[in-house]
2 protein chains.
Amino acid sequence: MLDAMDSAADAKRVTLAQVAQRAGVSVMTASYTYNRPSRVSEQSRAKVLAAAAALGYAGPDPSARSLRRGSTRTLGVVMGEHLSYAFEDPQAASFLAGIADVCAESGYGMTILPITGADDDVSRIQSAAVDGFIVWTTSDDDPVLGAVRAVRRPAVVHGGPEVAGLGLVSIDNRAAARAVGTAAFAGAGRPAVVSFPLSRDRISTITRGPDIAGATFPVTRQRLEGYRQAAEDIGIPWSDVVVAVCAHNDAAEAEQATAALLSGTHAPDAIAAMSDEQAAGAIRAARAAGRTVPSDVAVTGWDDAAVATQLGLTTVAQSLREQGAACAHAALGHEPVPPAAAWSVVTRASTRS
Amino acid sequence: MLDAMDSAADAKRVTLAQVAQRAGVSVMTASYTYNRPSRVSEQSRAKVLAAAAALGYAGPDPSARSLRRGSTRTLGVVMGEHLSYAFEDPQAASFLAGIADVCAESGYGMTILPITGADDDVSRIQSAAVDGFIVWTTSDDDPVLGAVRAVRRPAVVHGGPEVAGLGLVSIDNRAAARAVGTAAFAGAGRPAVVSFPLSRDRISTITRGPDIAGATFPVTRQRLEGYRQAAEDIGIPWSDVVVAVCAHNDAAEAEQATAALLSGTHAPDAIAAMSDEQAAGAIRAARAAGRTVPSDVAVTGWDDAAVATQLGLTTVAQSLREQGAACAHAALGHEPVPPAAAWSVVTRASTRS
DNA sequence: CTGTTAGCGCGTTCAA
DNA sequence: TTGAACGCGCTAACAG
């Protein structure tokens with residue numbers, strides 16, 4: 001009965017062997033028709049394609065092909081535990097676009113691995129049918145990193161942390177922070193920082209000279225180190241620098257934090273943020289508090305996004321898109337991981353210097 | 001020699017069989033350790049995990065598992081030929097976030113299939129190792145649609161076109177356009193439209209009463225039909241309605257197009273756009289031309305994005321995130337495709353009524 | 001240009 | 001609770 005139904009009309013699962021049989025050729029000829037068409041005579045090819053059409057065969061099964069070839073032709077991207085974050089953050093979007101560019105031209109797919117922060121993250125990594133991994137910046141203690149390393153496939157981390165056995169694509173955050181911090185703090189007496197979270201608990205605080213070494217997000221840590229250096233360069237000890245740690249990269253939260261800073265007794269006259277979004281929030285708060293930028297308070301951002309141009313923000317320019325592409329090339333084994341990505345400080349009207 | 005190297009230190013490709021052998025159990029026991037841990041004695045499980053650790057075995061091979069199970073636990077998303085577009089458009093980002101939500105909670109991966117517009121798009125679809133497809137709105141004649149249908153896996157189209165055999169998740173664009181168009185055109189004598197492209201060639205033009213039926217992007221077509229209806233409702237024939245067709249969904253291009261409309265001899269006093277981005281561009285152009293919104297020219301957007309709140313735009317509210325989730329559920333076979341997604345007109349200060 | 005052989009690594013079957 | 005055999009669907013490596 002089953003055999004009787006197993007005809008073209010039903011065709012739940014048509015195999016290459018069935019196609020070959022119907023076409024009156026060997027399975028290999030059918031396989032070649034799909035994989036090396038030039039190695040098959042015009043005649044055979046036509047017969048195979050006709051049989052495939054008749055049976056409703058849509059091409060070789062991708063899983064079987066992957067198993068046989070030992071390659072999935074797909075790259076895995078791990079974007080951190082905020083699912084939506086990946087798509088809502090414009091910088092992350094540029095990064096993904098860079099990966100997509102390379103995948104498209106290489107004929108690769110791009111699998112976004114949803115990470116939830118729960119224990120099963122590790123098994124999601126293990127069971128991902130991908131040839132290589134790209135990990136968006138995370139904390140030193142993220143278990144995902146161990147899982148990615150354990151599967152022994154090519155893998156690259158963007159931003160940090162640096163993990164033995166995995167590549168790293170990043171700018172020199174410390175140097176860039178020192179440079180843009182120098183612009184932010186020029187002529188200032190009370191420099192402040194609006195920061196990304198220090199660790200995965202994402203606690204918001206306002207403190208002076210927080211412990212930098214204890215921060216487990218390496219990108220945050222390195223930028224704080226750069227800002228500390230910039231403060232010390234103008235003779236301000238880190239313990240005098242007020243740092244508003246925000247839970248998320250978000251204009252609204254940065255605005256609130258900046259408002260708090262400015263209403264305090266030791267209101268800053270210079271603010272180095274960690275993103276243009278945060279800087280935009282800081283500027284809004286400054287204006288709401290009746291301050292003029294940059295004369296009353298200088299502000300710097302990071303990333304040189306569209307909003308930076310609009311607001312005339314001094315900021316760090318880097319190409320997340322190129323970095324995404326570099327990660328993809330490295331994960332594909334096309335190119336070695338480049339030593340360090342390019343960055344520059346773009347000086348605009350939001351700083352004094 | 002090869003055997004000598006095939007030890008834990010090298011361990012290029014460790015199989016479950018090797019793990020089982022080293023653990024002194026059968027392959028099945030090892031398999032159960034990973035797939036049905038409860039069916040294996042504590043002892044055996046420990047032995048298997050120890051052997052796995054010793055050999056550097058990272059878990060069952062995903063491709064082999066997919067082949068055997070007949071399921072990849074991955075959903076494919078087809079986002080159209082602009083690779084970066086998917087990530088740069090905030091609406092598309094929300095949509096992807098909705099899909100990601102569902103994939104995360106279902107333990108599924110999410111593969112973005114890079115579409116280039118070239119002939120190999122079809123083969124990319126065919127060779128995608130996914131259990132189902134979600135197709136972002138495209139044109140009636142997009143070859144991707146045929147390819148998706150041909151693979152006979154669950155598939156959903158968002159927005160349109162409606163394809164036999166594929167599900168459709170969309171709002172009623174025609175009804176929504178008529179409703180928001182009515183708000184836009186209230187009290188107007190010279191209504192105009194700023195439109196998405198009509199077809200895949202993405203030609204920009206400014207014409208009166210363009211041929212609606214010839215538009216191959218169904219979403220554009222349906223919205224134009226709604227706008228025509230809204231114009232006719234106030235006694236203006238479609239042939240008198242000026243339509244600026246933009247190549248892309250982009251504030252800058254809409255601004256330029258609106259500037260052209262307003263400088264013409266028959267300057268509009270009401271503009272219905274197809275996105276909030278476009279509406280934002282239209283408002284900028286109107287102000288630059290010395291017009292007041294809405295008294296000189298009313299403007300409406302679409303999507304109720306953040307910019308709509310900022311600008312006080314009358315617009316169509318819909319949740320792309322929920323629609324993304326609905327697509328994912330349908331593609332997973334969890335739920336049937338819902339009949340039609342919810343929408344509403346949000347009236348703000350950019351219209352007269 | 002075409003066919004034969006031999007698995008890729010795993011998990012479902014059935015038996016013990 | 002565990003084991004042995006088999007095949008998921010396909011393609012690399014060889015002949016012919």
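Throughout, a chain's letter reflects where its sequence line sits, starting with A, and its residues are numbered from 1.
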Engineer: With sequence neighbours left out, write down each residue that passes side chain to side chain contact (heavy atoms under 4.5 Å, CB included) with A:Asp121, or none if nothing qualifies.
Structural biologist: A:Ile115, A:Thr116, A:Arg124, A:Val144
Engineer: Do the non-hydrogen side-chain atoms of A:Phe217 and A:Thr137 ever get within less than 4.5 Å of each other?
Structural biologist: no
Engineer: Do any side-chain nitrogens or oxygens of A:Ser44 fall under 4.0 Å of OP1 or OP2 in C:dT2?
Structural biologist: yes
Engineer: Give a yes or no on this: more than 12 heavy atoms of other residues, nucleotides or ligands lie within 6.0 Å of atom CZ of B:Arg200.
Structural biologist: yes
Engineer: Using whole Å, what does the distance between atom C1' of nucleotide D:dT2 and atom CD of B:Glu42 come to?
Structural biologist: 16 Å
Engineer: Does D:dT1 have OP1 or OP2 sitting under 4.0 Å from an N or O in the side chain of B:Thr29?
Structural biologist: no
Engineer: I need a per-nucleotide contact map over nucleotides 11-16 of chain D, read 5' to 3'. Cutoff is protein heavy atoms under 4.0 Å; write B for the base, S for backbone only, - otherwise.
Structural biologist: BB-B--
Engineer: Give the rounded distance in Å between these two atoms: CD of B:Gln43 and C1' of D:dT2.
Structural biologist: 13 Å
Engineer: Are any side-chain N or O atoms of B:Ser31 and backbone N or O atoms of B:Val27, one a donor and one an acceptor, separated by less than 3.5 Å?
Structural biologist: no
Engineer: Which whole-number value in Å describes the distance from A:Asp61 CG to D:dC10 P?
Structural biologist: 6 Å
Engineer: Mark yes or no for whether A:Thr72, through its side chain, and A:Asp131, through its backbone, hold a donor-acceptor pair below 3.5 Å.
Structural biologist: yes
Engineer: The side chain of A:Thr15 lies closest to which of these nucleotides: C:dG3, D:dC10, C:dG9?
Structural biologist: D:dC10
Engineer: Side chain of A:Tyr57 only, please: which of D:dC10, D:dG9, C:dC1 is the nearest?
Structural biologist: D:dC10
Engineer: Restricting to pairs with a member in residues 37-48 of chain A, which pass salt bridge (Lys or Arg N to Asp or Glu O under 4.0 Å), not counting sequence neighbours?
Structural biologist: A:Glu42-A:Arg45
Engineer: Between A:Ser26 and C:dT2, is there a side-chain N or O to OP1/OP2 distance below 4.0 Å?
Structural biologist: no
